[in-house]
Student: 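Next up is a structure, given as structure tokens.
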Amino acid sequence: MGKLTVRALRAVLVVVLAGTVFVQALMLWALISGNDPEDGSLPLTPLRVITILGIGTAQVAMACVWRLVTMVRRGTVFSHAAFRYVDAIIGAIVAAALVWFAVTALNAPGQRDDPGVTLIMGGVGLAILGVALIVLVLRTLLAQAVARDVEAAEMQAELDEVI
């Protein structure tokens, strides 16, 4: 990865992280202060808690991407240390899907006249789980690359001994 790409990605991560922290702070303030009374259409308190948790899953994934980008720049991404961050990203995506399913469950009673909305929301949750599966496949590719890198290092060591 080039320096410009890394800087651009890090700039995006910083802006998004700052924005998510700001939204979480606003949600937390709304929960603590109680200034926004519920009108009865949706249970706002559980939705706020779920939103705070959902944003937290995105923040975990962003922090792990930051670490992986750092490993790429240092040339150490093809190591066993990278698996910790990839596994955390997969966990964050699965947690985000579970949070989305909780939102779907909270919204479902209000959609009795139009159950299609609940079905669409369930489909979005499945799509989020699909992203976790894609990252799992990428983790498998990383495992193969690490194995090849170890194998190449062993062959280089053997070749050095011969020479």
Side-chain angles (χ1 to χ4, degrees), residues 1-31 46-107 117-163:
M1 279 171 75
K3 287 183 180 182
L4 181 61
T5 305
V6 169
R7 286 183 182 155
L9 178 57
R10 285 185 173 168
V12 168
L13 289 173
V14 166
V15 170
V16 172
L17 187 61
T20 59
V21 168
F22 179 72
V23 170
Q24 276 181 319
L26 289 177
M27 290 286 183
L28 195 57
W29 177 254
L31 278 174
L47 282 175
R48 284 191 183 109
V49 171
I50 288 171
T51 301
I52 291 169
L53 294 174
I55 290 171
T57 63
Q59 291 168 335
V60 167
M62 285 185 287
C64 291
V65 167
W66 184 285
R67 291 294 303 148
L68 287 170
V69 167
T70 301
M71 293 178 81
V72 167
R73 287 296 297 153
R74 292 181 182 158
T76 60
V77 74
F78 294 117
S79 66
H80 293 285
F83 291 112
R84 171 179 22 169
Y85 300 112
V86 176
D87 290 341
I89 291 170
I90 293 169
I93 295 170
V94 170
L98 294 175
V99 166
W100 183 256
F101 286 132
V103 169
T104 303
L106 280 174
N107 189 47
V117 171
T118 303
L119 290 174
I120 290 169
M121 290 178 72
V124 169
L126 288 176
I128 295 169
L129 287 175
V131 171
L133 289 174
I134 290 169
V135 176
L136 183 61
V137 168
L138 294 174
R139 183 193 188 282
T140 304
L141 293 174
L142 176 64
Q144 289 176 354
V146 168
R148 298 281 187 270
D149 196 43
V150 168
E151 184 180 328
E154 290 171 358
M155 292 175 107
Q156 183 65 42
E158 289 177 12
L159 185 61
D160 289 343
E161 286 178 14
V162 170
I163 295 176

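What you are looking at is a predicted structure, and each value in this text was computed from that prediction instead of being measured. Below, each value reflects all heavy atoms present in this structure, side chains not excepted, and no hydrogens, waters or symmetry copies. When a residue number appears, it is its place in the shown sequence, counting from 1.
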Student: Is there a side-chain contact between I90 and L133, using heavy atoms and a 4.5 Å cut-off?
Tutor: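 I90 does not reach L133 side chain to side chain.
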
Student: What are the two closest non-hydrogen atoms of A82 and L142, and how far apart are they?
Tutor: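 Shortest heavy-atom separation between A82 and L142 comes out as CB-CD2, 3.9 Å.
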
Student: Provide the closest heavy-atom pair for M27 versus T51 in the form atom of the first, atom of the second, distance.
Tutor: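 What the structure gives for the nearest pair is CE-CG2, 3.7 Å.
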
Student: Would you mind reporting whether M71 and F78 have side-chain heavy atoms less than 4.5 Å apart?
Tutor: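 A side-chain contact is absent here, since even the closest heavy-atom pair is not under 4.5 Å.
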
Student: Taking all heavy atoms of I52 and all of L28, pick out the closest pair and write down the distance.
Tutor: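 I52 and L28 have their closest heavy atoms at CD1-N, 3.8 Å.
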
Student: Quick check: closest heavy atoms across L106 and P46, and the distance to 0.1 Å?
Tutor: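 So the two residues come closest at CD1-CB, 3.7 Å.
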
Student: Under the side-chain hydrogen bond (donor to acceptor under 3.5 Å, both in side chains) criterion, do T70 and R10 qualify, and how do the steps go?
Tutor: CA-CA 10 Å; T70 301; R10 285 185 173 168; 2.7 Å; yes

Student: Using modelled atom types and a 3.5 Å cut-off, is there a donor and acceptor pairing between side-chain atoms of T76 and backbone atoms of V72?
Tutor: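 No, the answer is negative, given that no donor and acceptor are paired below the 3.5 Å cut-off.
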
Student: How far apart are the closest heavy atoms of I93 and I128, and which atoms are they?
Tutor: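 In terms of heavy atoms, the two residues are closest at CG2-O, 3.3 Å.
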
Student: Which atoms form the tightest heavy-atom contact between V99 and L53, and what is the distance?
Tutor: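 What the structure gives for the nearest pair is CG2-CB, 4.4 Å.
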
Student: Could you tell me whether the side chain of M121 reaches within less than 4.5 Å of the side chain of V124, counting heavy atoms only?
Tutor: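 When only atoms from C-beta onward are counted, M121 and V124 do not touch, as no gap falls below 4.5 Å.
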
Student: For a side-chain contact (heavy atoms from CB on, under 4.5 Å) check, start with the C-alpha distance between V14 and W66, then their side-chain angles and the critical distance, and finish with the verdict.
Tutor: CA-CA 10 Å; V14 166; W66 184 285; 3.8 Å; yes

Student: Indicate yes or no: at least one non-hydrogen side-chain atom of K3 is less than 4.5 angstrom from one of R73.
Tutor: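 A side-chain contact under 4.5 Å exists here.
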
Student: Could you tell me the separation between the CD1 atom of I55 and the CD1 atom of I50, rounded to the nearest 0.5 Å?
Tutor: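 Going from the CD1 atom of I55 to the CD1 atom of I50 covers 12.5 Å.
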
